[in-house]
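First the structure, in the form of structure tokens, and then the observations on it.
Hydrogens, waters and symmetry mates play no part in the numbers below; they use all other heavy atoms, side chains included. Just so we're clear, the structure is a prediction, and the values are computed from it rather than from any experiment.
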Amino acid sequence: MHSSTCLLPFALPPSRSDKRRDSVTSSSSHSTSSSSTTTTTSSCCSAATVEETPNSKKFIYDRASPTVRWPHLTLTQHSTHTHAPPPPPPPLQQLISEEEEEEDPNAKLHENSTELALDSFNTNDESQEVLGRPSKTKIKKMNKLALKRAKDWRQRVQFVTDKILQLQPDEFVADVLDSRPVQMTPTDYCFVVKWVGKLSWHRALEVYEWLNLRHWYTPNARMLATILSVLGKANQESLAEEIFDRAEPGVWNSVQVYNAMMGVYSRNGRFSKVQQLLNLMKSRGCEPDLVSFNTLINARAKSSSMSPGLAIELLKEVRRSGLRPDIITYNTLISACSRESDLEEAVKIYADLQRSNCQPDLWTYNAMISVFGRCGMANEAENLFKELGVKGFFPDAVTYNSLLYAFAREGNVGKVTEICENMIKAGFGKDEMTYNTIIHMYGKQGHHELGLRLYNDMKLSGRSPDAVTYTVLIDSLGKAGKVKEAAMVMSEMLDAGVKPTLRTFSALICAYAKAGVRDAAEETFNCMLRSGIKADRLAYSVMLDIFLRFNETKKAINLYNEMVRDSFTPDQSLYEDLLKLLSKEDKEDDIQKVLKDMEEVCGMGPQIISNALVKGGCHEHAAKMLRLAISRGYQPDRENLLFILNSYHSNGRHEEAKALLDALREHSPSSNHLVAEASIIMLCKNHQIEAALKEYVEARSFVFSSMSCSMYESLIQCCEETRFFAEASQIYSDMKFCGLEPSRSIYQILVLMYCKMGFPETAHHLVNLAESLGFMFNGFSPYTDLIEAYGKLNLWEKAESVVGRLRLSHSVVDRKVWNTLIHSYAASGCYERARAVFNTMIRDGPSPTVDSINGLLQALIVDGRLDELYVVIQELQDMGFKISKSTILLMLDAFARAGNIFEVKKIYHGMKAAGYLPTMHLYRSMIALFSRGKRIRDVESMVVEMEKAGFKPDLSIFNSMLSMYTGIGDFRKTVELYQNIRGAGIQPDENTYNTLILMYCRDFRPEEGLSLLQEMRKQGLEPKLDTYKSLITACGKQQMWEHAEELFIDLQSKEFKLDRGLFHIMMKIYRDQGNHIKAENLLLKMRETGVEPTIATMHLLMVSYSSAKQPKEAENVLNNLKTSGLVLSTLPYSSVIDGYLKNGDYNMGIEKLKEMIEYGLEPDHRIWTCFIRAASISQSTDEAMILLNSLRDTGFDVPIRLLTEKTETLVDKMDNLLSELGPLDDDAAFNFVNALEDLLWAFECRATASWVFQLAIKRNIYRHNVFRVADRDWGADFRKLSAGAALDASLQGFPEAPKSVVLITGTAEYNMVSLNNTIKAYLWEMGSPFLPCKTRSGLLVAKAHSLRMWLKDSPYCLDLELKDAPSLPKTNSMQLNEGYFMRSGLLPIFKEVHERLGHVRPKKFARLALLSDEKREKAIQADIEGREQKLQKMKERGWQTRPKRRKTIHRKRFIRKLNGSRPNALRLGKLRPAKISRLALLPNREREENKFNGNETNSRERSRKRAEGTRAR
């Protein structure tokens, strides 16, 4: 035998003997915590690795004695063991677990029961007693010698035990035993080892070794079992293994020894070791007894979670071994079920107990009460508690604590208090278990202050906090994120002399892990190992998770290997994280080892392994594993396959998912239905609903009845999301036909779908059907959807019936239901109904919230009763309701939409005065409101205020400002704001790009809009349909027809739903292009897309024919319209007539006018405008009169009278006519006046054109701000005016000393006539100083001084007087040339000048135009010759062009410096900088010579150049 010196150096500090401290609870949930230093961890480690001092406090559970547990019974004080002894209060089980398991006083009943069974062979028969009654096994007759021995053995054992425990740390057991104070028997020494081991396993081991060295007794199984039991209770598994291995064969081959060693393994949940030992026991011919199987069951229950049905299977295994289960077996199994909260399994075990005629004891009832408590059935636990008296049992402290735990788990503080009071009345004071349970309850509720207060009360009441108490506190503080406080509790635990247990360390490790304090968690874990405590599965899992989260690959794989060596395995999620990390770092060898462990050690099947591989990102390995499983004949599991495919989908590996399904189709034909179902589900996840429906239709023909509910649910959900409501309804019908019962989620989706479709009655029927089937919806969302749908249809009675039914079936109706009803009334402006609901909430509850108040105010807003908002707000404040920011924002928005900016500002300033500090959301809302109202100064001041408050504008604010500047046409600021966005590092979003593109389109810069569109696509953003429309329209206006067509084709490929307006835009583009063939094809495409052409569409087609000078084709379209039976208006006739008139075929135009009248249509403004416009561009007055007379024949004589008469009655008639045309659509009055202005200017009726123009302004046909004066800049906006109207407007207005004059003409054309070129032609003819703007097209700008000088001195300004010609000219005074009008007589001169001289300035052109033909020819020839001579001289000098003089920025500074240093340096006047530099570097004398020489040379050169210039002129 080995000496004791071999073992004692490895001895660790003594552990507590009480079973409660050996099984302290823990948790696997990662508690949130703050960072904490490792000082506490180090102190924990140091305190746990030193010998306990004699003054350390010993916890003694006084409830262990029957006289204390049942104070109302007369029991013998010395009876300590029974056959089925009342258990000491079991510890809390797994306070920290992945399932958030609760604290349970009976969680380890099975462990204690087994320990008592293991200790039964150490108990003398003389001492057995049950509840004060003699045991049946007690010896009835004993002789005097036996009685004397029975009385003396306790005294002997107690005497020796006290002697040993009183030894100092530096003294040895041999000092006591060698002195032989009393005569001891081998049995007495067994009890000495056991009693000493209760308080110090070191001393017990020393006694055992001393006995072995002295050979004072024959080695026996009883002694070996005793020391193994002591070491097992002290968690010294390695020492127990060593003693067991070196024991003599005759000793250890005993059932008692095997049971003791299995008990050691069972304590740590080492089920595999227990199973190996049981098999070894059988192989050596030692038959296991019932204690062996009870220990095996205990180990299995502690090793891992009990799967459903395992408890029953273990019970059957005991019977198959020929043994009859006893009460300990049943109690162990029921406690295991309690641990797993498996009520169904526990009830089955209890029923089997009753059938087997095995009488339940108090342990059993305590375990069943614990089961009910852990399953959340506190009332059932209370009923069972009340039945104890009927069954002849008296509740003990464990019973009360179990019931207390049941209500504490539910957080029922009142009931917990009541049970505590009853417990005290029954003679039981609050013990440690009671305090621990209540502290844990407060910890779950977040009342950490109450928990700490109860902890202090516990110490004041004389109860010593044990390891469970400290563990509960550390756990609750860790979950609350208070890591520092948890570390302080650990320090207090060590100061109190309480040794941390495995669960204590685990709780602190979990706290550090949740807080991400890796170093502290790792140090705590190492400290636990150094203190002799072996890590369990939880500790390993938490540390492994920490290493994986911090990418500590090496540490993670080492810890994993240790975990596997200790027979623990991670769960599947940890395997997934481990594989993910190994895959990321390409650790192929480690991956293969982990896969081998998963298959061989964990027993995972190929499908589960492939599932973990996919989640871990090892897709190739997963595919190989799944294919391997299929090749071996495995049928793919539905859930696993769907999970793998879902992982492929989430990682975007769609092609691999498709390949996997194809492989399944090929190698597993019997799984076609599963493949089809999986394919449908994947298509639904990819939102490919059409392909999914197609696959469903094909699969329905052969696997219709075998489809799962999940597939139907995916289809219905996808159809609801994509608004395929009809298909979803059909799928629901198919599902019902197959006999599948829809799930609660399907019912909820269908209810929502029918509510969206506007069929609340059908949705209501489905709700009633679901309720009749026993489905309880999550929350009240289906009911709120119903109420909202009924409210949209104004079915108030049915909405109220839904609420009434809920009030009958629920004690309190959810507040959301009431708020939805209020908002339904508010949507229709029913304030009185909403107020009635609001009052009901106040009266019956629940109390109204901010949402309720907002709904009430919304009703007033919708009803337009904004003036009553303040009254209602005052009433609510008087009732005690506080007005929230959301309510204020609602009022702000309401007044903003009403255009009352004053009220918006008033509310905003009042809110700030009330103490509501503006937030980012508030600034965002205010800026958005002011931007919509075009309040530029308010927006800019709000941005400044926001920046002063420390907020930076975000993208939404910038977008609002962009929209505002774009809306007001300030494109310069729009561009600057966009540059600020990019400068701030903000990435533009879809709204930003759409607004900028719209800005460029409005500014007639579609090229930049197209480039921005390309940039937008590079960012992965897609423009809106309106953006496409704006770009296409802008390209059409700028005659970028190819780009417009490309955009339209691109728009079709994007699967946008094209509307009729977009087709009309393209029609107009083809019309302007004169391409009627494309217009015809567009009409066919329009019909193919399901958009039916209208009269307006056909009008555009006819206009395109007219523009292409094919009025006959337009007439054919008109004839087709006639035969179609449509009711025609003058619109299509105007297209045909306009085509003939533009083509110069006036007779056909007049004939079509007569044909229209015969058809029954009277001419209106469209026909008038066509004839007036044709007359304005006719060559002669006679042709114009023919056209106007044809109008007079139809009853409309205003145009011809304006040309021929000068009566005042025409003014009134024209005014009445414009008032009639004003309200009409299609800009009737605008087009009519423009055509009339062109006619009057063409035939020199300028005065008449002037008063017609004034009447148009008066009737709001033209804008009042055609002329504007701002900052002394006078300008006019002529856009959309005809040429005649613009000429008339350009000669009116009275600027007073302006800085500059701006004429906005735009670049667009009106009726194929360029307004910009027309205005320039007329103004330049007069020699005006207006020039095109260099920075922006469509603007003519003149400086004020130049304009004043021209108006003062130019003789051409006499033509500005607005007069009517005495008689009508014979020909048209305006002639159309290259898209703009000019005076007829001026056109040949204009062409001649521009052909020979190119573009000239207006003054020069005016002088040339007024010269006679002979003088004009000489002037032009002289100009040409002067240009040629000038070019020749430049060539002689070697210059192609005149060099521009370079500006030197620092010249003045250099001259000043030079002048200060040398006063005579500037005698030569202005010199080049290079020459000045050379002169500055010369000595004074040489510089003087160079100056004079250079001065003379420069003077001569300048004289020569002046002479040459004079000769040239």
Side-chain angles (χ1 to χ4, degrees), residues 24-45 48 91-103 408-409 411 435-455 465-496 498-528 531 533 535-547 549-550:
V24 180
T25 58
S26 175
S27 168
S28 65
S29 63
H30 304 297
S31 305
T32 330
S33 61
S34 60
S35 61
S36 177
T37 61
T38 59
T39 306
T40 304
T41 305
S42 302
S43 64
C44 168
C45 183
L92 303 174
Q93 176 64 18
Q94 284 192 333
L95 280 173
I96 313 170
S97 67
E98 292 181 0
E99 297 82 6
E100 286 297 322
E101 292 185 2
E102 313 296 344
E103 181 181 0
R409 186 179 185 274
Y435 281 110
N436 293 343
T437 303
I438 301 176
I439 290 172
H440 185 219
M441 177 185 69
Y442 285 139
K444 285 197 307 177
Q445 295 176 346
H447 300 155
H448 310 293
E449 295 79 7
L450 294 177
L452 291 173
R453 187 186 307 167
L454 195 63
Y455 163 69
D466 60 354
V468 176
T469 312
Y470 291 112
T471 302
V472 170
L473 282 174
I474 292 172
D475 174 49
S476 60
L477 291 172
K479 287 180 178 178
K482 299 183 177 182
V483 180
K484 292 183 179 178
E485 290 80 354
M488 290 296 295
V489 173
M490 175 68 88
S491 298
E492 292 181 13
M493 181 180 184
L494 298 173
D495 294 340
V498 180
K499 179 185 174 183
T501 63
L502 172 63
R503 305 308 176 193
T504 313
F505 281 113
S506 297
L508 190 59
I509 291 172
C510 288
Y512 285 132
K514 188 65 179 292
V517 188
R518 180 182 61 84
D519 296 335
E522 187 176 1
E523 180 62 27
T524 305
F525 181 78
N526 295 332
C527 171
M528 179 183 69
S531 64
I533 299 177
D536 61 353
R537 186 171 184 269
L538 169 65
Y540 276 123
S541 299
V542 172
M543 286 307 303
L544 184 59
D545 179 67
I546 293 175
F547 289 145
R549 278 195 288 159
F550 284 89

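Counting heavy atoms from C-beta on, the side chains of Glu522 and Phe550 never come closer than 4.5 Å. Side-chain atoms of Leu450 and Leu454, non-hydrogen and from C-beta on, never get closer than 4.5 Å to each other. In this structure, Val489 and Met493 have side chains that are not in contact, with every pair of non-hydrogen atoms separated by 4.5 Å or more. Between Ile474 and Thr471, every side-chain heavy-atom pair lies at or beyond the 4.5 Å cut-off.
The two atoms that bring Pro500 and Ile533 nearest to each other are O-CD1, 3.4 Å, heavy atoms only. What you find for Val498 and Ala467 is that their closest heavy atoms are CG1-N, 3.7 Å. Contact record, Gly411 with Gln445: O-NE2, 3.1 Å, taken as the closest heavy-atom pair.
Atom-to-atom distance recorded for Arg537:CZ and Ser506:OG is 13.0 Å, nearest 0.5 angstrom. Glu523 contributes atom CD, which lies 12.0 Å from atom CZ of Arg518 (distance to the nearest 0.5 angstrom). Taking OH of Tyr470 as the start and CD1 of Ile439 as the end, the distance is 10.0 Å to the nearest 0.5 Å. To the nearest 0.5 Å, the span separating CE on Met528 from CG on Leu508 amounts to 11.0 Å. Here the OH atom belonging to Tyr455 is positioned 7.0 Å from the CG atom belonging to Leu473, to the nearest 0.5 angstrom. In this structure, Leu538 CG and Ile509 CD1 are separated by 8.0 Å, a value rounded to the nearest 0.5 Å.
Side-chain atoms of Asp545 do not come within 3.5 Å of backbone N or O of Ser541 as any donor-acceptor pair. A distance-only check finds a donor-acceptor pair linking the side chain of Lys444 to the backbone of Arg409 [under 3.5 Å]. Arg549 places a side-chain N or O within donor-acceptor distance of the main-chain N or O of Ala513, the cut-off being under 3.5 Å.
Using the six-membered ring where Trp is involved, His447 and Tyr442 have ring planes that are tilted, between 30° and 60° apart.
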Give the intermediate values and the outcome of side chain to side chain contact (heavy atoms under 4.5 Å, CB included) for residues Lys479 and Asp475.
-> CA-CA 6 Å; Lys479 287 180 178 178; Asp475 174 49; 3.4 Å; yes
